[in-house]
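These notes are about the structure you will find just below.
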Number of protein chains: 2
Amino acid sequence: MVIDTRIRIIDAAERLFAEHGVEQTSMRAITRAAEVNVAAVHYHFGAREDLLRAVLDRTVSPLNERRLALLDQAIDAADDDPPSVRSILAAFIRPDIEAIEGLRDRGVEIAQFLGRVYAAPAPTVERIMGAQFHAVSARFLKELGRSLPQVAHDDITYALRIVVGVLVAFFANATPRGRRGDLDTTDVDVTVERLLDFLVPGFVALPTRPGQRQLVGRRKRPPP
Amino acid sequence: MVIDTRIRIIDAAERLFAEHGVEQTSMRAITRAAEVNVAAVHYHFGAREDLLRAVLDRTVSPLNERRLALLDQAIDAADDDPPSVRSILAAFIRPDIEAIEGLRDRGVEIAQFLGRVYAAPAPTVERIMGAQFHAVSARFLKELGRSLPQVAHDDITYALRIVVGVLVAFFANATPRGRRGDLDTTDVDVTVERLLDFLVPGFVALPTRPGQRQLVGRRKRPPP
DNA sequence: GTCTATAACGGGATAGAC
DNA sequence: GTCTATCCCGTTATAGAC
């Protein structure tokens, strides 16, 4: 074995999926980039979708595991109190920002990849990741509900969805290697805090129900 | 002419682009749906990208025109003062929400279409719409800068990008015809206000420069 | 204006030699 | 494990009959 064909294929696929999108990347493009024969990928993975599964398992699944781990940490750190909305959202956001930085060393512009996967998952991606995404968001919704007892469940769902959208926009426009000095993500802490500064106030402004104990800044619904 | 082949083609293309994405929609699928021959589209439009241009011109461009018109209205309504951030953002997001409702009558699930176009525009879409998107956002950035003189230009750019992300999230999850009672957009006013309630606090929390006259709720950057 | 037929190509998958 | 050769499909685009 030269360097392990299997790994070379996953590396190339990961990079090309990120760059051009899953559905726009042909197996031939992947094998060309990996300098491997077309048949090798069928030998090692089976069908195209199985290769996609291998890539998502290595690249996206760990992000969700880390999200849950950070959430548990936040809960522990808060003792018996419910953790702050900020700390919950930090657990949700941070793994992606870390990944953007970390994967640059592998030459993978993961940001746009995640943007696409989160925003408009291709049917194949949906099949593979759907259950996992659902489980993670269910867990975060539960914890957010505990920290915001006066906010209706639907409103929290809605707000978390917005968080995902913000990540998508953030990723989709993250310039490769910070070119154009555009969206600098080189300092993970700064980037996370900056996003939280924008998002947390939106959660605080969520409408509260009768026994409101929440905060200021109530919103007015327009006249009916 | 049966009903005008040209229109039938655009209608079908619009619907399929929205449903499956631009790059995933073949001309054959379009002509099948339009019950038109494959060659007809070449006769009427030329190449595939020219058809795409026709669809975007009819569906997305009017949204940007309306954005600018609403922005002008907001400026007029504020007399000589700079308009509020809320009114500027309302002008930005309202046309999309209106379109989601309006196009349902044509059977077009425009929401997912816009989500894809805004989040990760295909290269072809980028070629066609890039300049227009840039012009519109430049205009809004200018006005936001006037209304938030103490906020750095980069931070406003950053925040507007987040707004786009919020729209993307909103679109991506808007269920067809409000099925699953999920994200109800039947009342445009309510939907717009709800989004603004989440977004405006984030703008208010943007960092201000020395001569700050802005507001409360300052953020801390983490230690370097 | 609308059709059929076909050119020219790229895609995923597999059989079978090495 | 890895290669070549090939099958069969769907794609855009065009030529030419009607």
Side-chain angles (χ1 to χ4, degrees), chain A residues 1-58 113 116 120-129, chain B residues 1-58 113 116 120-129:
Chain A
M1 69 192 162
V2 194
I3 282 204
D4 195 337
T5 305
R6 202 188 146 83
I7 303 274
R8 290 235 311 284
I9 293 172
I10 295 190
D11 284 345
E14 177 186 53
R15 194 164 52 75
L16 290 173
F17 285 160
E19 203 168 336
H20 305 295
V22 170
E23 316 287 280
Q24 299 310 306
T25 303
S26 69
M27 310 212 19
R28 303 182 113 87
I30 294 168
T31 52
R32 258 196 308 269
E35 293 180 300
V36 164
N37 190 275
V38 211
V41 54
H42 285 106
Y43 173 80
H44 283 287
F45 299 93
R48 186 180 183 277
E49 182 160 335
D50 298 315
L51 168 58
L52 174 59
R53 178 172 286 110
V55 173
L56 292 173
D57 272 354
R58 196 186 73 175
F113 187 27
R116 275 189 266 253
T124 51
V125 175
E126 179 67 43
R127 267 197 299 280
I128 296 170
M129 300 297 298
Chain B
M1 69 191 162
V2 195
I3 283 203
D4 195 337
T5 306
R6 202 188 146 84
I7 304 273
R8 290 235 309 285
I9 293 172
I10 296 189
D11 284 345
E14 178 186 51
R15 195 164 52 75
L16 290 173
F17 285 159
E19 202 168 338
H20 305 295
V22 169
E23 314 288 280
Q24 298 312 306
T25 303
S26 69
M27 309 214 14
R28 303 183 108 86
I30 294 168
T31 52
R32 260 195 307 270
E35 294 179 298
V36 163
N37 191 274
V38 212
V41 54
H42 285 106
Y43 172 79
H44 284 286
F45 299 93
R48 186 180 184 280
E49 182 160 335
D50 298 314
L51 168 59
L52 174 58
R53 179 172 286 110
V55 172
L56 292 173
D57 273 354
R58 197 185 73 175
F113 187 28
R116 275 189 266 251
T124 50
V125 175
E126 179 67 43
R127 267 198 298 280
I128 296 171
M129 300 297 296

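To find a chain, count down the sequence lines: A is the first, B the second, and so on, and within it residues start at 1. All values derive from a computational prediction rather than experimental measurement. Quick note: numbers below take in every heavy atom, side chains included, and nothing from hydrogens, waters or symmetry partners.
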Integer-rounded Å distance: [N] [atom2] and [X] [atom1]:
{"X": "Ile9(B)", "N": "dG1(C)", "atom1": "CD1", "atom2": "P", "result": "12 Å"}
{"X": "Tyr43(A)", "N": "dG1(D)", "atom1": "OH", "atom2": "C1'", "result": "5 Å"}
{"X": "His44(B)", "N": "dC3(C)", "atom1": "NE2", "atom2": "C1'", "result": "12 Å"}
{"X": "Gln24(B)", "N": "dG10(D)", "atom1": "CD", "atom2": "C1'", "result": "13 Å"}
{"X": "Met27(B)", "N": "dT14(D)", "atom1": "CE", "atom2": "C1'", "result": "12 Å"}
{"X": "Arg8(A)", "N": "dG1(D)", "atom1": "CZ", "atom2": "C1'", "result": "13 Å"}
{"X": "Ile30(B)", "N": "dT11(D)", "atom1": "CD1", "atom2": "P", "result": "11 Å"}

Could you go step by step and tell me if Val36(A) and Val41(A) meet the side-chain contact (heavy atoms from CB on, under 4.5 Å) rule? CA-CA 8 Å; Val36(A) 164; Val41(A) 54; over 6 Å; no
Distance, nearest 0.5 Å, that separates [atom1] of [X] from [atom2] of [Y]:
{"X": "Arg58(B)", "Y": "Ile10(B)", "atom1": "CZ", "atom2": "CD1", "answer": "5.5 Å"}
{"X": "His44(A)", "Y": "Thr5(A)", "atom1": "NE2", "atom2": "OG1", "answer": "4.5 Å"}
{"X": "Arg32(B)", "Y": "Asn37(B)", "atom1": "CZ", "atom2": "CG", "answer": "12.0 Å"}
{"X": "Ile30(A)", "Y": "Arg15(A)", "atom1": "CD1", "atom2": "CZ", "answer": "10.5 Å"}
{"X": "Thr124(B)", "Y": "Asp50(B)", "atom1": "OG1", "atom2": "CG", "answer": "11.5 Å"}
{"X": "Arg116(B)", "Y": "Gln24(B)", "atom1": "CZ", "atom2": "CD", "answer": "8.5 Å"}

Considering only heavy atoms, which members of residues 15-23 of chain A lie under 4.0 Å from some atom of DNA chain D?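 Nothing qualifies; none.
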Which ones in residues 49-56 of chain A lie close to DNA chain D, meaning a heavy atom under 4.0 Å from one of its atoms?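 The stretch gives none, as no residue of it lies under 4.0 Å from the strand.
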side-chain contact (heavy atoms from CB on, under 4.5 Å) partner of Arg53(A), chosen from Leu51(A), Leu56(A), Val55(A), Asp57(A):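 Only one option passes, and that is Asp57(A).
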Let's see if you can work this out: which of dT2(C), dT2(D), dG12(C) has an atom nearest to the side-chain heavy atoms of His42(A)?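 The listed nucleotide nearest to His42(A)'s side chain is dG12(C).
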Determine whether Pro123(A) and His20(B) make a side-chain contact, defined as any pair of heavy atoms from C-beta on separated by less than 4.5 Å.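 No; the side chains remain at least 4.5 Å from each other.
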Give a yes or no on whether the backbone of Glu35(A) and the side-chain of Arg8(A) come within a donor-acceptor separation of less than 3.5 Å. yes
Does either side chain, that of Thr25(A) or that of Glu19(A), offer a donor lying less than 3.5 Å from an acceptor on the other one? no
Below 4.0 angstrom from OP1 or OP2 of dG1(D), is there any side-chain N or O of Thr5(A)?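 No, because none of the side-chain N or O atoms of Thr5(A) sits under 4.0 Å from OP1 or OP2 of dG1(D).
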Dump the pairs, protein N or O against N or O of nucleotides 4-10 of chain C, anything under 3.5 Å, distances to one decimal.
residue	atom	partner	partner atom	Å
dT4(C)	OP2	Asn37(B)	ND2	3.0

